[in-house]
Engineer: 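Input: one structure, supplied below.
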Amino acid sequence: MTLLLTGYEPFGDHDENPSAVVARGLDGEEIAGHEITGHVLPVEFERTAGEMQTLVETHDPTAIAATGLAAGRAGISVERVGINVNDCGSTSDNADAEPRNERIRPDDRAGYFATLPVVSVVEELLENGIPARVSNTAGTHLCNNVLYSTRAYLESEKRDVPMGFVHLPCTPGMAAKQAREGDGTRGASVKPSLSLSMQTEAIRRTFEVTLAGE
Ligand code: PCA
């Protein structure tokens, strides 16, 4: 009875990624008789989907939450849908790949919905004082990629496992560091942030709500 939780390694300009810290921190924790197994995925278009498939085959999880950093977003974003696009925007991946307007699975459909109960998760977070929203785009980088490709894989294998993606914001330390390096002392804006403990609690509750709906 396993809950699979993934985060991502640091990428781009970020020398830390709260999603990796949360995944490592929750590894081994129990929720309603299930044990979380936390893993950190590479930020590489060539590798992520394959590593996720191996994790699913190895752990046969009851539910899957993938997570990553959305620096600049406020609060927790529970993603509704993954789309069939790889486009790195201005941030090449950690192997220097720079896909532009590519399909993830050329013969597959345009999008897959997350099968986590996204609205119920957001309601639960808001009721518990955690800023959160449903998001209708996970972008076109690796966070969208892992959502789309994992959902496509689960469908093709007829595995009925709730799976979704949660974007986490910066931590206060990350936001302060960027403001220090930028123009924060001259009046420039500072990125929104949430503490690691609140981010961790959000993921715990994401699993609780998902299991309650099973
Ligand atoms: N965030 C990026 C990729 C890895 C991560 O943590 C994204 O939002 O796609």
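Each ligand, and each atom within it, is numbered from 1 in the order the structure gives.
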Engineer: Between Glu9 and Arg47, is the closest basic N to carboxylate O distance under 4.0 Å?
Structural biologist: no
Engineer: Are any of the side-chain heavy atoms of Ile64 and Pro162 separated by less than 4.5 Å?
Structural biologist: no
Engineer: Asn17 to ligand 1: N or O pair under 3.5 Å?
Structural biologist: yes
Engineer: Can you tell me which residue among Thr210, Leu147, Val56, Leu116 is in a side-chain contact (heavy atoms from CB on, under 4.5 Å) with Met163?
Structural biologist: Leu147
Engineer: Can you tell me how far apart CD1 (Ile76) and CD (Glu201) are? Round to the nearest 0.5 Å.
Structural biologist: 10.5 Å
Engineer: Any donor-acceptor pair under 3.5 Å linking the side-chain atoms of Arg103 with those of Asn84?
Structural biologist: no
Engineer: Please report which non-hydrogen protein atom sits nearest to atom 8 (O) of ligand 1, along with the residue it belongs to and the distance in Å to one decimal place.
Structural biologist: His167 NE2, 2.8 Å
Engineer: Can you tell me which portion of Asn145 lies within the under-4.0 Å heavy-atom range of ligand 1? Options are side chain, backbone, both, or neither.
Structural biologist: neither
Engineer: Using atom types as modelled and distance alone, determine if a side-chain donor or acceptor of Asn17 lies under 3.5 Å from a backbone N or O of Gly7.
Structural biologist: no
Engineer: So, regarding Cys143 and ligand 1 (criterion: nitrogen or oxygen to nitrogen or oxygen, under 3.5 Å), is there a contact or not?
Structural biologist: yes
Engineer: With nothing but distance in play, are any N or O atoms of Leu69 less than 3.5 Å from an N or O of ligand 1?
Structural biologist: yes
Engineer: I need the nearest protein heavy-atom contact for atom 4 (C) of ligand 1: residue, atom name and distance, please.
Structural biologist: Tyr8 CD1, 3.5 Å
Engineer: State the atoms of ligand 1, each with its element, that fall below the 4.0 Å cut-off from a heavy-atom position in Gly68.
Structural biologist: 6 (O)
